[in-house]
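Structure, as structure tokens:
All chains are named by letter (A, B, ...) in the order of the sequence lines, taking the proteins before the strands, and each is independently numbered beginning at 1. No experiment lies behind these values; they were computed from the predicted model shown.
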There are 2 protein chains.
Amino acid sequence: MSVTPSTDPRPAGRQARLEEILATAWGIAEEQGLAGVSLHEVARRVGLRQPSLYAYVDSKNCLYDAMFGQAAQALLTQVTTVDLPDDPRQAVVVMARSMWSFVRENPVKGQLLFERTIPGFEPSAESYSVAVRYQGWVVDKLFAAGVTDPGDVDICTALMAGLISAQETNEPGGERWFRHLEAVFGMFFAYIDGKSSTPTVARKERATSHATGPEGAPS
Amino acid sequence: MSVTPSTDPRPAGRQARLEEILATAWGIAEEQGLAGVSLHEVARRVGLRQPSLYAYVDSKNCLYDAMFGQAAQALLTQVTTVDLPDDPRQAVVVMARSMWSFVRENPVKGQLLFERTIPGFEPSAESYSVAVRYQGWVVDKLFAAGVTDPGDVDICTALMAGLISAQETNEPGGERWFRHLEAVFGMFFAYIDGKSSTPTVARKERATSHATGPEGAPS
DNA sequence: GTCTATATCCAGATAGAC
DNA sequence: GTCTATCTGGATATAGAC
């Protein structure tokens, strides 16, 4: 998996080519869907012959893997770069909004990260680790907002994913589900508080700490 | 779209063959995924040559369309056949559970119905109408349970879909998300009641009536 | 309805020359 | 690293005989 090791004397040029290849693949994916990416088409656009791609990528799945890594990295940086409000619950909402805008602006990356749409493809451990870091970050923010029960973390992420996927599959880029984001989080936090005997205390005073993910498995 | 009109003297035999073809296609889809269905493979298993399938189906997409119709019909009958409790909110939960068990036992049908996974395929109006009937039925039940705001219907269906998809993509057939079904509905109904000034009144006394779907578009 | 034969197109991957 | 040439396999769809 992943790109072929370089023994090239001009690693800079080689790296540039590889990035060009990846960028081209993204372009095709945006036009024709992820499954529509073929090595032939990539080579065509990049000005190479199809077999030449094997100097950069060991197989088609390795290309997908590299793309997965890029997508995870992009999501991670976007989401960790956002300025979060001090209130941990408002922070969660802002984080969710940021994540949503990511998949809205990068639907193909979202598809690659969150859906299992390509038949034989599983991300390598290396590429996946970035996605895991993203998840850990989300769990941290939820924890700070008082969502400490792993089951509640599962519920929260599922709700988010449900809203997003309903919106983006039925009315991409629209508002029909998006506008309920805040209401849903309000509903969720009310539910959280309702479970606790001292709801209001738990709200604000939570230390940030890195949890080990809700219950192991990833989204 | 749809199957080719029959001029066959033995329509019963022809119909049987067609059903055999569809059943075979389902079998392949269960083994190799929906995209893995090829006319060659269907023909091979059914004991015909690939071109002979065109006596039953106008194109591959027509095959998918017939499958879509079958899936929608199966879901509709399963979900409308279930014995619902008198309490409209308990009824909604039971309905949701029934829907979930459908996609759990028929993951491929669920994929065809609820995900847009096949590149060039859109269900025909005819096949789709069954799915619309299913949706109308769900909206009716929600309405009876006091979920009358179209926006709330959207929220509810998105939550359900989120739970289901989290469960079935991350841990197919498992319990990790499934066990929160009741809690999530409790949360949702509490949210609904919190919006109304007369929450408890609205709970039980609702007449069943067919609504025109939340806001038009389907899931 | 079913067949053979074929047209046409696409894919991923490898061998070996330069 | 890049090329040509090729292997191997797949697909949908059509023509025309029986």
Side-chain angles (χ1 to χ4, degrees), chain A residues 1-22 24-25 27-29 31-67 117-122 124, chain B residues 1-22 24-25 28-29 31-67 117-122:
Chain A
M1 202 59 79
S2 108
V3 301
T4 74
S6 161
T7 46
D8 182 56
R10 277 171 38 241
R14 199 197 128 86
Q15 185 62 21
R17 260 272 208 245
L18 176 58
E19 270 156 27
E20 189 191 356
I21 288 169
L22 284 167
T24 305
I28 298 172
E31 290 172 21
Q32 320 191 12
L34 268 175
V37 176
S38 78
L39 298 183
H40 280 94
E41 182 64 19
V42 171
R44 213 168 291 135
R45 298 197 185 188
V46 134
L48 288 178
R49 303 292 176 160
Q50 174 253 347
S52 305
L53 292 184
Y54 284 81
Y56 299 92
V57 161
D58 284 337
S59 73
K60 190 183 181 182
N61 274 352
C62 295
L63 176 64
Y64 281 133
D65 193 54
M67 293 171 79
T117 178
I118 292 157
F121 169 67
E122 289 292 320
S124 66
Chain B
M1 200 60 81
S2 110
V3 301
T4 74
S6 162
T7 44
D8 182 58
R10 275 170 40 242
R14 198 195 128 86
Q15 185 62 21
R17 260 274 209 245
L18 176 58
E19 270 156 28
E20 188 191 357
I21 288 170
L22 284 168
T24 305
I28 298 172
E31 290 171 22
Q32 321 190 12
L34 267 175
V37 176
S38 77
L39 298 183
H40 278 97
E41 183 64 21
V42 171
R44 212 169 292 135
R45 298 197 186 189
V46 132
L48 288 178
R49 303 293 175 157
Q50 174 255 346
S52 304
L53 292 184
Y54 284 80
Y56 299 92
V57 162
D58 284 336
S59 75
K60 190 183 181 182
N61 273 352
C62 294
L63 176 64
Y64 281 133
D65 193 54
M67 293 171 79
T117 179
I118 291 157
F121 170 67
E122 289 292 319

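Nearest heavy atom pair, residue B:Asn61 against residue B:Gly120, reads ND2-O, 3.4 Å. Between A:Leu22 and A:Leu63, the shortest heavy-atom distance links the atoms CD2-CD1, 3.8 Å. The minimum heavy-atom distance linking A:Leu39 with A:Tyr54 is given by the pair CD1-OH, 3.4 Å. Closest approach of A:Val46 to A:Arg17, counting heavy atoms only: O-NH1, 4.1 Å. Nearest heavy-atom pair, A:Arg49 versus A:Ala43, reported as atom, atom and distance to 0.1 Å: C-CB, 3.6 Å. Nearest heavy-atom pair, A:Glu41 versus A:Ile28, reported as atom, atom and distance to 0.1 Å: CG-CD1, 3.4 Å.
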What protein N or O atoms touch nucleotides 8-10 of chain C N or O atoms at under 3.5 angstrom, if any, and at what distances?
none

Can you name the atoms? Protein N/O to nucleotides 14-18 of chain C N/O, anything below 3.5 Å, with the distance.
none

>> As a quick check of understanding, evaluate side chain to side chain contact (heavy atoms under 4.5 Å, CB included) for B:Tyr56 and B:Leu48, giving each step before the final call.
In response: CA-CA 12 Å; B:Tyr56 299 92; B:Leu48 288 178; 4.3 Å; yes
> Does the side chain to side chain contact (heavy atoms under 4.5 Å, CB included) test come out yes or no for A:Val37 and A:Gln32, once each step is laid out?
Replying inline: CA-CA 7 Å; A:Val37 176; A:Gln32 320 191 12; over 6 Å; no
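Listed nucleotides C:dC3, D:dT4, D:dT2 differ in distance to A:Arg17; the shortest reach to its side chain belongs to D:dT2.
Remark: side-chain polar atoms of B:Tyr64 are paired, donor with acceptor, to backbone N or O of B:Leu34 under 3.5 angstrom.
The interatomic distance linking B:Leu39 (CG) with C:dT2 (C1') rounds to 16 Å, in whole Å. As a whole-Å value, the separation of A:Lys60 NZ from C:dA13 P is 9 Å. Atom CD1 in B:Ile28 sits roughly 13 Å away from atom P in D:dG10 (whole-Å rounding). For the pair B:Asn61 CG and D:dA11 P, the computed distance is 16 Å after rounding to whole Å. Between the CD atom of B:Gln15 and the P atom of C:dG1 there is a distance of 11 Å, given to the nearest Å. Atom CD of A:Glu20 is separated from atom C1' of D:dG1 by 14 Å (rounded to the nearest Å). For the pair A:Leu53 CG and C:dA13 C1', the computed distance is 12 Å after rounding to whole Å. Rounded to whole angstrom, the span from the CG atom of A:Leu63 across to the P atom of C:dA13 amounts to 10 Å.
Applying the 4.0 Å criterion to OP1 and OP2 of C:dC3, one finds that B:Ser52 has a side-chain N or O inside that range.
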